[in-house]
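Below, each value reflects all heavy atoms present in this structure, side chains not excepted, and no hydrogens, waters or symmetry copies.
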Amino acid sequence: MLRTRKIRWLSGTLVLLVLLTLLLPSTLLPQAVAAQTQSSGIDAVLVADVSNSMNTSDRDKISNEAMKMFIDMLPVQGDKVGIVAYTDQVEREKAMLEIQSDADKSNLKDFIDQLGRGPYTDISVGVAEAVNILNHGADPSHSPMIVLLADGNNDFNKTKGRTQAQSDADLDIAVKEAQAQGIPVYTIGLNADGKLNKDALADLAEQTGGKSFITDTPDDLPQILSEIFADHAKLNVVKLPSITGNGSYQEVTVNVPNDSVLEANISIMSSKPVEIQLTDPAGNAVDLNSDAAKLSTSKSYSLVKLLKPEEGDWKLRVKGAPKDSIDINLLFNYDLQLVVDPIKTKSYKKGDKIDLTAKLENGGQPLQDQDLYADMKATLVINDVDTGKSEEQPIENTGDGFAGTFTVPDNHQYELIIRAEEDSFYRESAPVIINAGGAAGSGTQPTTSAGGEDKPFPWLPVILGVIALIVVAVGGWFLMGWLKRKNRGFVGQMVVEIRDENTGDKSYPQYKKLASFRGKFHLHQLLQLDPELKETEKYIFTPGNGDRIMIRNTAGGTLEKSGRAVDASSGVELKNGDRLSIPLQQADKTILIEYLV
């Protein structure tokens, strides 16, 4: 029965693909794919330990300030937030609330201010409930995340017979579910009393693909929260000059680099209240409670949100108390897509040359600010669907877009992707499919007899028609196979460490879940696109058979697998427990990887 349904599904899919191939211009397909892969919002659950131990480990209630600042940093509308306050049980809970206005943010922050303390602690309770909330209240099109604020210690009620082993088992279940659902847990360790269990929090973050931070002062919050947003949503973080208050206004320049910036969050952290003024690039004073800018304040921070800001130098003027240290962070949010111009609809053959052009778009419209192109470089990624091999070639930056020529190397099917990047971000186009599986059907038109003579049966056009249908069906089958390979997922996770060859120091291991990737990914993505490690983009991972994975160095060359040098130019298979050592020439570092299923 299952096999019958599968055959029917394949048949129906093939018929649909054939109809789409016949009725729709193939140039519409990349745009359709792009429409489905636009970025989405964030669904976050904020989890706070509210046990009595926090009276010493978080005596300044940094957790409250962090949660409120996180909410203020979110876009004006569209994201969803839930809150869990726990001891050894859930004390207070706020279901997922979709933010549509300033009033919604105030509602969440008022809830946070009302949180009290209670006896005992069990971290598994808070994490498990957060995962449960996301499973039942998150938007499937959004990107889920958990932010945990705690000291990492448990304190069980002995009368209930709860043990550390039971808590660990429950936490392990919650972590596995978070891994399966692609939910990273970011931990902020609160360490005012020096009793932080940093290893427990770091392990929780690493297992789920999040990051771990430690603080004992509100001064660290702008940097911590900016890094959390940057890691989760791939946004830009800019550190502005710090200020020492002198009782007078001091000016800081906030440069908005282009008109593609959707929002700019300027977070200002100080131990004492500050006064803020803002002028736009034209020198006009800006109302900090308007459609152009919003000011949010708390006892330890101020946050200015610029909404669709004008390009140019904005002037932020801050007046702080004498000798008060004032830290300022800037976080940009971009709305950019890279779109390939349509190409001619036809079948290609070996040796054909295909001109490709692409442009950045902002909100579906061509990017007007051409200055953004100045420092960008572009690459054409060529994937041979028939052989599975990939290669890259640089293409030209024309000043208002990117252009290059692809010469069909063989009678195969190809997937072409243009990738444009600069130091702070990169964009990839939707794939363009080139079908060079064979020469297109051609021939002379059949001739007719003169006068009233009987006409022979038109065998040639009938045969050509049948051949054309077969070609379309085969093309549809190849397209279906490509879509299946393109969307094939990964299993397991990778443990990644970076060793500095000059000092011998190694970074703390990071656990990178692979469930969110489809079809392929490169090592540079796992390393969060760190510009210093850019050469790692040449290492491409694709799914293998069973629970295995393939790595290939598209630039050619060797790497070490389990201590032995192997040629990775044609692909190396990894199974559970395999270890890789990848030396980097440009950065004097070595990437150490262990694949776990």
Side-chain angles (χ1 to χ4, degrees), residues 59-74 76 102 105-106 109 112-113 192 213 215-230 235-259 261-333 424:
R59 51 177 169 260
D60 295 325
K61 291 194 173 182
I62 297 174
S63 60
N64 286 17
E65 295 299 290
M67 288 189 287
K68 290 190 289 185
M69 188 172 178
F70 181 95
I71 291 165
D72 283 333
M73 292 178 74
L74 290 172
V76 175
D102 291 338
K105 291 190 175 185
S106 296
K109 291 188 287 184
I112 292 168
D113 283 334
F213 303 88
T215 182
D216 57 8
T217 170
D219 296 345
D220 297 332
L221 293 184
Q223 184 66 33
I224 289 174
L225 293 172
S226 293
E227 287 191 34
I228 289 175
F229 269 87
L235 305 179
N236 295 319
V237 180
V238 179
K239 180 70 175 176
L240 296 180
S242 298
I243 295 174
T244 300
N246 60 12
S248 301
Y249 280 104
Q250 299 179 71
E251 189 171 272
V252 174
T253 298
V254 177
N255 177 258
V256 176
N258 55 74
D259 59 9
V261 176
L262 290 177
E263 291 185 352
N265 284 318
I266 309 169
S267 55
I268 304 165
M269 189 64 66
S270 60
S271 61
K272 298 178 181 179
V274 297
E275 296 180 40
I276 300 170
Q277 295 177 348
L278 184 69
T279 57
D280 64 20
N284 302 313
V286 178
D287 183 353
L288 294 178
N289 187 23
S290 65
D291 292 337
K294 302 281 186 183
L295 173 63
S296 305
T297 60
S298 185
K299 67 179 184 180
S300 60
Y301 73 85
S302 300
L303 189 138
V304 178
K305 183 184 291 290
L306 307 183
L307 307 174
K308 204 66 179 71
E310 178 185 351
E311 177 185 354
D313 289 338
W314 296 64
K315 301 298 182 180
L316 179 73
R317 303 180 70 233
V318 180
K319 180 173 28 174
K323 299 183 179 180
D324 185 25
S325 178
I326 304 170
D327 290 326
I328 307 174
N329 269 24
L330 176 61
L331 183 70
F332 288 130
N333 185 9
S424 61

Check: Is there side-chain contact between I328 and I243, with heavy atoms separated by less than 4.5 Å?
Finding: yes
Notebook entry, point to check: With side chains defined as the heavy atoms from C-beta onward, is the minimum distance between S267 and L225 less than 4.5 Å?
Noted result: no
Checklist line | Charged N-O contact under 4.0 Å between D72 and K294 | finding: no
Notebook entry, point to check: How about K319 and S248: does a side-chain donor come under 3.5 Å of a side-chain acceptor?
Noted result: no
Next item on the list: Side-chain contact test, heavy atoms from C-beta onward, threshold under 4.5 Å: evaluate it for F229 versus N265 and give yes or no.
Entry: no
Notebook entry, point to check: Is there side-chain contact between I71 and I112, with heavy atoms separated by less than 4.5 Å?
Noted result: yes
Notebook entry, point to check: Considering only heavy atoms from C-beta outward, does the side chain of M73 approach that of S226 to under 4.5 Å?
Noted result: yes
Checklist line | Nearest atoms (heavy-atom pairs only) where S302 meets V274 | finding: OG-CG2, 3.9 Å
Checklist line | Among D287, L316, V254, the one residue meeting side chain to side chain contact (heavy atoms under 4.5 Å, CB included) with L278 | finding: L316
Check: Out of V286, D313, L306, which one pairs with D280 under the side chain to side chain contact (heavy atoms under 4.5 Å, CB included) rule?
Finding: V286
Note to self: In the structure I gave you, are the side-chain heavy atoms of V76 and K305 within less than 4.5 Å of one another anywhere?
What the structure shows: yes
Check: Is there a side-chain contact between K68 and D113, using heavy atoms and a 4.5 Å cut-off?
Finding: yes
